[in-house]
Amino acid sequence: MNNSEIMNILIKIEEEKEIRLNAKDRDYLGYILKKQGCYHLLDKLDIDCEKEKAINRKIIYKTYNGAKYVFAELAKSGIQYAILKGAILSKHAYGDIGYRKSRDIDFLCAAKDIKKVEEIMYSLGYKQGKIENERFCLLDRASIIFYKLNTHQIAPLVLQTGERDVPFIEFDINKSIIWSESQLDIPVEEILEHTVEEELFTNIKVKTLQPIYFFITMCLHHYKDMNSCYLLYRKKRISLRRFYDIFYYLKEKSNVCKPKELFAVAENYHITNYLYYCLYYCQEIFHSDILVPYLQIFKSEEADRLTKVYGLRTSKQHEWKIELSERIFEHCLDKVLEDELSDEEMRLISKNFYYL
Amino acid sequence: MNQIEKKIADIIRGALPKINMDNITGDTEFEELGIESIDFIAIVIALEENFDIEITDELLIMQNMNTVKKIENILKLCGITEVKEFNE
């Protein structure tokens with residue numbers, strides 16, 4: 001089964017057409033979709049993934065249950081924050097948190113509140129570090145500074161729980177919704193004026209963003225993932241699941257994320273082209289009528305240009321020379337970038353590896 | 001450049017030996033010298049080690065640290081107002 005055949009099957013799934021696969025192709029497709037984390041597709045193809053879904057549900061529940069003390073302290077302190085992506089995305093896009101593997105908590109707060117958030121989390125036993133080979137490693141000063149100066153996050157805050165199923169609870173704290181290379185200044189305080197409370201599990205209440213803002217922050221995150229030279233090199237492919245996240249969330253929330261309203265908010269922050277990028281590539285995969293009005297309103301010459309290139313710095317963008325299906329399925333982006341990037345660009349990538 | 005500015009320039013020279021610092025002044029923007037954002041880490045670490053300080057998060061903003069004069073201001077906020085040289 002080649003990449004084009006896989007893409008055709010994905011379209012058929014969305015069109016709810018009958019799909020006939022021999023045992024070998026079914027196994028191969030199941031393997032590919034599990035690797036891509038697309039469990040909802042496995043269900044649609046009657047490929048068993050109940051074990052994976054059960055594990056996801058258990059881990060996500062235990063993660064949020066362990067993190068509830070953080071949310072309680074944040075509520076007491078009055079700090080504005082929002083949980084992004086993760087379990088909230090799974091719940092609303094797919095209707096089941098088991099459909100998406102999610103091992104950390106993505107968190108947005110204003111830069112002015114970071115110090116207070118850190119104090120709260122240190123008091124609860126969190127430390128700045130990373131998890132490597134299932135072990136916690138404290139980050140050194142250089143890495144902490146790297147996060148602060150070169151990313152839109154602070155270094156992750158991790159709690160060692162001593163629990164077998166969820167040995168670590170990791171918070172990824174974002175102080176911006178746009179990548180650090182961007183010249184755009186999007187006030188996080190304004191974004192956080194649009195939060196809602198959500199009871200994710202019984203007695204576990206968190207704050208997240210209203211759908212239009214949730215969708216925008218998700219698209220910006222996914223755009224970054226699909227265009228950061230460092231991430232493309234490290235992951236070697238673009239995740240298929242990103243497109244499903246965008247498309248399925250928009251499908252579920254289309255009554256509150258209408259094209260004109262979504263465009264108005266995006267235009268206010270000068271990010272319409274990044275949303276067009278996400279919508280454009282979703283349409284390449286799904287060929288859906290739902291996306292047409294969005295594409296019409298978001299389309300522009302510059303937005304079209306962005307769909308043909310990668311790289312987060314406008315001055316250092318490169319043209320894609322391989323098709324979308326290869327970017328998703330071939331695990332070859334490290335080789336592609338090695339051929340195309342300058343020595344200086346590769347040096348910057350290696351520095352990212354060093355600090356992250 | 002005053003004494004502290006010269007010290008800062010020396011520290012940067014040591015942290016980033018490949019950068020040509022010959023014509024640096026207090027107001028030269030580091031980007032003009034080819035110093036990238038990722039190079040700032042080495043500068044911050046070197047400053048912290050040399051002056052035995054920790055630059056707080058509120059001050060760790062590249063736009064506030066991209067000239068020798070701006071770094072001098074940061075150091076003042078960290079309590080460094082003079083350079084102590086020890087002769088052996």
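Order of the sequence lines fixes the chain letters, A, B, ..., with proteins taken first and strands second; residue numbering starts at 1 for each chain.
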Item to check | Minimal non-hydrogen separation, A:L192 against A:Y81, with atom names | outcome: CD2-C, 3.6 Å

Item to check | Option that, when pairs with chain A are counted at under 4.5 Å, heavy atom only, ranks first among B:D39, B:D57, B:T56, B:L60 | outcome: B:D57

Checklist entry - When rounded to the nearest 0.5 angstrom, what distance separates CZ in B:F30 from CD1 in B:I19? => result 10.5 Å

Checklist entry - Between A:E181 and chain B, which part of the residue has a heavy atom less than 4.5 Å away: side chain, backbone, both or neither? => result neither

Item to check | A:E302 and A:R305 ion-paired at < 4.0 Å | outcome: yes

Checklist entry - Most heavy-atom pairs under 4.5 angstrom with chain B, which of A:I144, A:N352, A:L348? => result A:L348

Checklist entry - Which region of A:K112, side chain (C-beta onward) or backbone (N, CA, C, O), has a non-hydrogen atom less than 4.5 Å from a non-hydrogen atom of chain B, or is it both or neither? => result neither

Item to check | CD on B:E36 to CG on A:N150, rounded to 0.5 Å | outcome: 9.5 Å

